[in-house]
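Have a look at the structure below, then the notes.
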Amino acid sequence: MKSTLAQLTARFDQALVAAFGPDLAGTDPMLVPTSNPKFGDYQANLAMSLAKPLKQKPRDIASQIVEKLDLSDLFEPPEIAGPGFINLRFKTEYLEDQLRAMQADPRLGVEPVKMPQKVIVDFSSPNIAKEMHVGHLRSTIIGDSIARVQEFMGHDVLRLNHVGDWGTQFGMLITHLREACPEALEAGSSVDIGDLVAFYKQAKKRFDEDDDFKTRSREAVVELQAGDAIATQAWQALCEQSRQEFQTIYDRLDIDIKERGESFYNPLLADVVRDLEALGLLVEDQGAKVVFVEGFTNKDGDPLPLIIQKTDGGYNYATTDLAAIRYRTQQDGAERVLYVVDAGQGNHFAQVFQVAAKAGWLPAGVEFTHVPFGVVQGEDGKKFKTRSGDTIKLKDLLDEAVSRARADLTARIETEGRQETDAFVQQVAETVGIGAVKYADLSQNRTSNYIFSFDKMLALQGNTAPYMLYAYVRVQGIARKGGIDLDNLPAEARIHLEDDSEFALARHLLQLDEVLGEVAQDLYPNRLCQYLFELSQKFNQFYDRCSVLQAAEPQRTSRLLLCDLTAKTLKLGLSLLGIRVLERM
């Protein structure tokens, strides 16, 4: 099923060449959906932009384009409005045929990309021996949605969790673990993640206050880097306990991700330094080996270096990221690498990418992109924290969302006089609570900060997950009430559009492929959220205006098909956001 927008663009290109010659081939027709249905469905605004180069009035240009424009199989005759807008209105038969094609296609008419790429999505990235907190929420949820969309579009996606599992902090953790919990070196499972978080705070306190402990911690780092068996076993115990807790969160959020932490690249760091030296890019600055990058200065205006090897011979995050770049291009064969990391790391990635480019480690045609996001704020507009000022644990946040969703559901069940099992209540609460947290995040422009509000995200009205889930449930309710199996409607049945609300819903359904194409390219999941919100609105308007089960045939089956296609689109769209649907709420 070829995209309507793609077809339109191709037809305008043919008309432009026929009217004005090959020099205008590839000109953007500036096609947009009309803001008001009375003007049609699409509007082409290119005539105004061509007035100056063609030295003609926009309306005259529009007339010449329309004269050569063949859209008779898709649209009613084009209309020229105002100074030169070209308005286009779908033919009813075309809309109905497209809807039928969507209905019959498991992918709902969205074609896979013709040239799939190897895409790496680097997201989540918590630190070992620390619990995941609300700061990891955005990276995890946004990264997962971006990966889902890339996969659906046909790309070969590698989801990587670049966990912080290496570095100087492990020296103090290992030293403290040896003394405070030696049994962990025999059976790592005896250590609880809560203990590890407490261990981290205790170890950090000792490191800051006890010079002897600090010395032994630094020695432990050297032992670990040298492969000492005891140090390695302690490190593995710490990592394994963290992994178990991380996996509990990932399972709850339905996140599929492959761990490849900083330690993975440790054997490759010396080669990074050696090769940068061989290329003449490394210089020594105050005992450290650095690369000076263009366009970066400190507050005094002096050039800002990117440290590759510290004065003590240790390596920096930049060294690991450069090693990762080389591995991802040379070993993984990546053609597009997306780093879903907070906006505060923007300068870091800009510097690392610049050094990699100077070193010739970014092959032509391979895209490395930092996908930044803002911070989560409390309702006071400040960084989201507990009342005591601590960072909110992600586990506690999810528990609270589910608890509130359960309370809302229980109250609604009592008001409606329903009887439901505890298993049903818990399943719905978990799906709604987790879905609400995800959707509240994804529905924001990722580059903006956003205010976290349980009340708003769990509301049944507005741009929320419960509103979307309720629209889906409403369709299932229609089927249950009518005793209808939506998967087995008559094969010869077709959608026949009559009411204005049916036309509005149909036009919106046909924009799915355009929206997913944009999200796959531009990496803004909130555009998919907005599409689904408007779809739910248009469906509810249709449902309020048009009888479904009480309509006479063939209108009854036509409207059931329209309901079913809406539900399938909602289910697909929500799945690409990592949100599961419910049959009942």
For the residue pair L528 and G573, what are the closest heavy atoms and their distance? CD2-O, 3.6 Å
Are T4 and Y94 linked by a side-chain donor-acceptor pair shorter than 3.5 Å? yes
Using modelled atom types only, decide if a donor and an acceptor are shared between the side chain of S125 and the backbone of N161 within a distance under 3.5 Å. no
Polar side-chain atom of S448 near backbone of Q444 as donor-acceptor pair, under 3.5 Å: no
Can you see which heavy atom on P58 is nearest to which on A51, and at what distance? CG-CB, 3.9 Å
Please determine, by modelled atom types, if Y470 and S536 share a side-chain donor-acceptor pair under 3.5 angstrom. no
Of all heavy-atom pairs between T557 and A493, which one has the smallest distance, and what is that distance? CG2-CB, 3.5 Å
Closer than 4.0 angstrom, basic N to acidic O: yes or no for D254 and R580? yes
S124 side chain vs T140 backbone, donor-acceptor pair below 3.5 Å: no
In terms of side-chain heavy atoms, does D321 have a donor or acceptor partner in Y339 at a distance below 3.5 Å? no
salt_bridge(D408, R404) N-O dist < 4.0 Å: no
Please determine, by modelled atom types, if D70 and S72 share a side-chain donor-acceptor pair under 3.5 angstrom. yes
How far does CD of Q64 sit from CG of L54, to the nearest 0.5 angstrom? 8.0 Å
Is there a side-chain contact between D28 and L46 in this structure, where contact means two heavy atoms from C-beta onward sitting under 4.5 Å apart? no
Do the two ring centres, one from F373 and one from F123, sit under 6.0 Å apart? no
Do the side chains of I579 and I434 get nearer than 4.5 Å, heavy atoms only? no
Result for side chain to side chain donor-acceptor pair (under 3.5 Å) between R584 and one of Q476, Q427, E420 points to E420
Take a 6.0 Å sphere around CD of E553 and say whether it holds more than 12 heavy atoms from other residues, nucleotides or ligands. yes
Carefully, step by step, assess Y472 and Y467 under the rule ring pair (Phe, Tyr, Trp, His ring centres under 6.0 Å). CA-CA 9 Å; Y472 180 86; Y467 182 69; over 10 Å; no
Dump the intermediate steps for side-chain contact (heavy atoms from CB on, under 4.5 Å) on T431 and V581, then the final yes or no. CA-CA 8 Å; T431 302; V581 295; over 6 Å; no
Between CD1 of I86 and CG of N45, what distance do you get to the nearest 0.5 Å? 9.0 Å
Out of D441, D144, D342, which one pairs with R138 under the salt bridge (charged side-chain N to carboxylate O under 4.0 Å, His left out) rule? D441
Heavy-atom pair of closest approach, residues I142 and L442: CA-CD2, 3.8 Å
With side-chain contact (heavy atoms from CB on, under 4.5 Å) as the test, would you mind laying out the steps for W361 and T329 before giving the verdict? CA-CA 8 Å; W361 298 342; T329 54; 5.8 Å; no
Are E367 and R336 within salt-bridge range, i.e. N to O under 4.0 Å? yes
Verify whether one side chain among N87 and Q43 offers a donor that lies under 3.5 Å from an acceptor in the other. yes
Under a plain distance cut-off of 3.5 Å, with no hydrogens placed, do T34 and N36 share a side-chain donor-acceptor pair? no
Once the angle between the rings of F349 and F353 is folded into 0 to 90°, is it parallel (under 30°), tilted (30 to 60°) or perpendicular (over 60°)? tilted
Assess whether atom NZ of K571 is packed by more than 12 heavy atoms of other residues, nucleotides or ligands within 6.0 Å. no
Rounded to the nearest 0.5 angstrom, the CG-OG distance for N463 and S443 is 5.0 Å
Looking only at side-chain N and O atoms, does N445 offer a donor or acceptor that is under 3.5 Å from a partner on Y450? no
Using only atom types and a distance under 3.5 Å, with no angle test, would you say the side chain of R480 pairs donor to acceptor with the backbone of E583? yes
Close side-chain approach of I495 and R100, heavy atoms under 4.5 Å: no
Donor-acceptor pair, distance only, cut-off 3.5 Å: does the side chain of D332 make one with the backbone of A334? no
Under 3.5 Å side-chain donor-acceptor pair for Q354 and E294: no
Working note: D122 + R159, criterion salt bridge (Lys or Arg N to Asp or Glu O under 4.0 Å); need CA distance, chi angles, decisive distance, verdict. CA-CA 6 Å; D122 179 329; R159 300 152 159 260; over 6 Å; no
For L469 versus L582, what's the shortest heavy-atom pair and its separation? CD2-N, 4.4 Å
Side-chain contact test, heavy atoms from C-beta onward, threshold under 4.5 Å: evaluate it for V119 versus V121 and give yes or no. yes
Using a strict threshold of under 4.0 Å (side-chain N to carboxylate O), is an ion pair present between D73 and K91? no
With a 4.5 Å limit on heavy-atom distance, are the side chains of C546 and S501 in contact? yes
Between E502 and R545 (salt bridge meaning N to carboxylate O under 4.0 Å), is one present in this structure? no
Closest non-hydrogen atoms of M468 and L570, given as atom of the first, atom of the second and distance, are CG-CD2, 4.0 Å
Does V341 offer a backbone N or O that forms a donor-acceptor pair with the side chain of H370 under 3.5 Å? yes
Point-to-point distance, once rounded to the nearest 0.5 Å, from CD of E498 to OG1 of T92: 10.5 Å
Hydrogens and angles aside, do D564 and Q103 bring a side-chain donor and acceptor to less than 3.5 Å of each other? yes
Are the side chain of T415 and the backbone N or O of A411 linked by a donor-acceptor pair below 3.5 Å? yes
Would you check if V548 and C563 make a side-chain contact, meaning some heavy-atom pair closer than 4.5 Å? yes
Is any side-chain heavy atom of L486 less than 4.5 Å from a side-chain heavy atom of V475? yes
Quick one: does any side-chain atom of K438 pair with a main-chain N or O of G578 as donor and acceptor, under 3.5 Å? yes
Please report the C-alpha distance between L160 and L158 in whole Å, then the side-chain angles of each, then the deciding distance to 0.1 Å, and finally whether the side-chain contact (heavy atoms from CB on, under 4.5 Å) criterion is met. CA-CA 6 Å; L160 287 183; L158 175 58; 3.8 Å; yes
Are Q530 and E534 close enough that a side-chain donor and a side-chain acceptor fall under 3.5 Å? yes
Side-chain donor or acceptor of R148 paired with backbone N/O of S575 under 3.5 Å: yes
Does the Lys NZ or Arg CZ of R89 fall within the cation-pi geometry relative to F75 - under 6.0 Å from the ring centre and within 45° of the axis? no
For the pair K68 and L16, evaluate side-chain contact (heavy atoms from CB on, under 4.5 Å) and give the outcome as yes or no after the intermediate values. CA-CA 8 Å; K68 302 292 184 182; L16 274 171; over 6 Å; no
If I take atom CG from residue L532 and atom OG1 from residue T566, how far apart are they, to the nearest 0.5 angstrom? 11.5 Å
I'd like to know if the side chain of K456 and the backbone of T464 have a donor-acceptor N/O pair within less than 3.5 Å. no
Can you find a heavy atom in the side chain of L509 that is under 4.5 Å from one in the side chain of L562? yes
Checking side-chain polar atoms at under 3.5 Å, does D455 have a donor or acceptor matched by the opposite partner on S453? no
Evaluate the ring planes of H508 and Y531, with Trp represented by its six-membered ring, and classify them as parallel (under 30°), tilted (30 to 60°) or perpendicular (over 60°). parallel
